[in-house]
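First up is the structure itself, then whatever we jot down about it.
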Amino acid sequence: MDILIRPHALEGSVDAIASKSMAHRLLTLAALCPNRTDLNCNTTSKDIEATAGCLEALGAHVARTRVGFRVNPIDAARGGATLDCGESGSTLRFLLPVAAALGCGASFTGHGRLAQRPLSPLYEELQAHGVKLSAQGSFPLTVSGELEPGDFFIPGNVSSQYISGLLMAAPLMGARTRVFVGEPVESRSYVNITIRALETFGVHVSTGHEERKGRPCTVYEVDPSRRLASPSVATVEGDWSNSAFWLAAGAMANSVEVDGLDMGSTQGDRAIMAALAAYGATVRRGPVSATCVHDRLEGRTIDVSDIPDLVPPLAAVACLAEGTTKIVGAARLRLKESDRLATVSDALRAMGADISIEGDGLEIQGGRALAGGVVDAANDHRIAMMAAVAGASATGETLIRGAECVSKSYPGFFDDYRKLGGIAEERDA
Ligand SMILES: O=C(O)C1=C[C@@H](OP(=O)(O)O)[C@@H](O)[C@H](O)C1
Ligand SMILES: C=C(OP(=O)(O)O)C(=O)O
C-alpha cells in the first residue's frame, strides 16, 4: 500500500498505543510463571502478535480479551515447536535464550531482514553454556540442549535485547546467573524495562560494576532464590517510542498532545520531551499526558546511543530547526528493520532535506520547509511514520511507498494521523 500525504499540519490530541517493548516482556514472563495473568494492553501490533504466537507454540495459551490478553502459562514446554518471529528482533532475541532455558528444543523462523540482523555474541554465549544452535544468518535456526546457568559476557554496543533475553531466561535456570555487559552499555534503558518487568513478576535483578575480560562492565545478577510469580493482573503502559512521532509533529507546527503516558516511565524514549525542548519547542507534562507546542527551533547535537528508536522523529524535526543538527552514537541503527542511517537519510533527502551520514551518525542542515517527494519506506515502520510526519509540514505532497509496514508496531498509525487532522490517502501500489 502506498500513502499520499498532502501537506496539512497535525494538531490535537491522540491516545498513546501500548508499549511494544513492555508487551513483549510481560507476555513472555506471563507465559513462564506458574499462574494465569491478565494483561491490560489497549492495542496490539504484528510484533506483539509474533511474541504471543511464539509463546503459544511453546505451549502457553494466549487469548485476546476486550482489554488485552489472558495468558495461561506454559505447563510442559512443547518440544520441537516452530517459533515464527515475523520481523521482530525482540521476539527472536528474547525467546532464543528462553527456549534454550526451557530445554525443549525449537526451531525459529522469521521474515524480512530478521535473519540478517545479528545474534552474535549472544549466539556464542549460548553455545558456551550448553546450547546447540544451527548456523546463524538464515532460518530455520534450530536450538537444542539446555541452557546452563552461570556468567555470561555480552559487549554493550550491539543489542541490549541479548541482555534482556538472558535476564528473562535466568529465573528458569534455578541457579545464580550473572550477565556482564562491557561498557559503555548502549540502549541501557531497555534493560531497565526488563528489570522492571521481572520485578512485576516477583524477581529482583541487582546491578553492580566489575572488571571482566579486562574491561569495565555493568553486572546484572538475577536472584536465584526467587521464582517467577504472576501478579494476576498487569498493565502495559503507553508507548513513548511511537508517541514521539506525534510530539515531533507538535514541535514542527501547532500543538499535539499524547494522552496515556507515564511521566515516570522506565522507557528511555521518554527522553523525547527533553530532546524536543532542547530544539526550542515548548513541552508540557500533564499527570498522564505530554504536549508539544511549536516554537522557533534550533539545531542541536544529540547522542542517541540510549534512544535509537527516536532517531527518525528527531531527524524529521532537525530539518526544520535552524542551523546544524548532529545525531551521534547511532551505529546500531544499521542493525534495525532497515539500515536506518541510510534509510532515514535517503527518505528525508528525497523530501528535499540537506542530510548526510557522518561516521556513526547523521548531520542535517535545517531551517527551511521540506518540499515533499517520493519516499521508499524500505519495509521499516519508523521510516514510514517519519515520512508521514515530515510530509505534514512540507510544502508539497509526499508519496510513501510500502506504508503498510507501520503495522509492525502501529497498525492504527494512519487512523490516528487523520484524527490529528492529517491528510493521508491510500493509493494502490
Ligand atoms: O528491548 C527492546 O524492547 C528494544 C531495544 C532496542 O534495540 P537495541 O537494544 O538492539 O538497540 C530498540 O531499538 C528496539 O526497538 C526495542
Ligand atoms: C528495532 C525495532 O524492533 P525490533 O528490534 O524488536 O525488531 C523497532 O521497533 O524499531
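Indexing begins at 1, ligand by ligand and atom by atom, following the structure's order.
For atom 14 (C) of ligand 1, the candidate residues are D269, D309, V158, I193; the nearest heavy-atom contact is made by D309. Among K336, Q161, H381, E186, the residue whose heavy atom lies nearest to atom 11 (O) of ligand 1 is K336. Atom 1 (O) of ligand 1 has its nearest heavy-atom neighbour, among R332, H24, R25, in R25.
By the salt bridge (Lys or Arg N to Asp or Glu O under 4.0 Å) test, R212 is found to be paired with D151, residues two or more places apart in sequence or in another chain being considered. Residues passing the salt bridge (Lys or Arg N to Asp or Glu O under 4.0 Å) test with K132: none are found, sequence neighbours excluded.
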Tabulate below the donor-acceptor pairs under 3.5 Å that side-chain atoms of residues 38-53 make, not counting sequence neighbours, or state none.
| from | atom 1 | to | atom 2 | distance (Å) |
| --- | --- | --- | --- | --- |
| D38 | OD1 | R70 | NE | 2.8 |
| D38 | OD2 | R70 | NH2 | 3.1 |
| N40 | ND2 | T235 | OG1 | 3.1 |
| N42 | OD1 | A18 | N | 3.2 |
| N42 | ND2 | A16 | O | 3.3 |
| T43 | OG1 | A18 | N | 2.8 |
| T44 | OG1 | E49 | OE2 | 2.6 |
| S45 | OG | I48 | N | 3.3 |
| S45 | OG | K408 | O | 3.4 |
| D47 | OD2 | K20 | NZ | 3.1 |
| D47 | OD2 | K408 | NZ | 2.7 |
| T51 | OG1 | H24 | ND1 | 2.7 |
| T51 | OG1 | T91 | OG1 | 2.8 |

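Under 4.0 angstrom from ligand 1, the non-hydrogen atoms of S187 all belong to its side chain. Under 4.0 angstrom from ligand 1, the non-hydrogen atoms of S159 come from both its backbone and its side chain. When heavy-atom distances to ligand 1 are checked against a 4.0 Å cut-off, Y162 has no atom that comes that close, whether in backbone or side chain.
For the residue pair E237/S265, the side-chain donor-acceptor check at 3.5 Å is satisfied. No hydrogens or angles considered: nothing links the side chains of R382 and S409 as a donor-acceptor pair under 3.5 Å. Checked by atom type, the side-chain pair S159/R332 shows no donor-acceptor distance below 3.5 Å.
Ligand 1 is approached by P308 to a heavy-atom distance shorter than 4.0 Å.
The main-chain N or O of E56 is found under 3.5 Å from a side-chain atom of R78 such that the two form a donor-acceptor pair.
Taking every heavy atom of S160 and a limit of under 4.0 angstrom, the matching atoms of ligand 1 come to 5 (C), 8 (P), 9 (O), 10 (O). Those atoms of ligand 1 that come under 4.0 Å of a heavy atom in S21, given as number and element, are 2 (C), 3 (O), 16 (C). Atoms of ligand 1 found under 4.0 Å from any heavy atom of F94 (numbered from 1 in listed order, with element): 1 (O).
Around CZ of R418, the count of heavy atoms belonging to other residues, nucleotides or ligands within 6.0 Å exceeds 12.
Closer than 4.0 angstrom to ligand 2 lie heavy atoms from K20, E87, S88, G89, S90, R117, Q161, D309, K336, E337, R340, H381, R382, K408.
Protein heavy atom in closest approach to atom 2 (C) of ligand 1: Y190 CD2, 3.2 Å.
Note on ring orientation: taking the six-membered ring where Trp is involved, the planes of F413 and Y410 are perpendicular (angle over 60°, cut-offs 30° and 60°).
In this structure, F152 has its ring center under 6.0 Å from that of H129.
Y190 pairs with exactly one of D306, D269, T266 by the side chain to side chain donor-acceptor pair (under 3.5 Å) rule, that one being D269.
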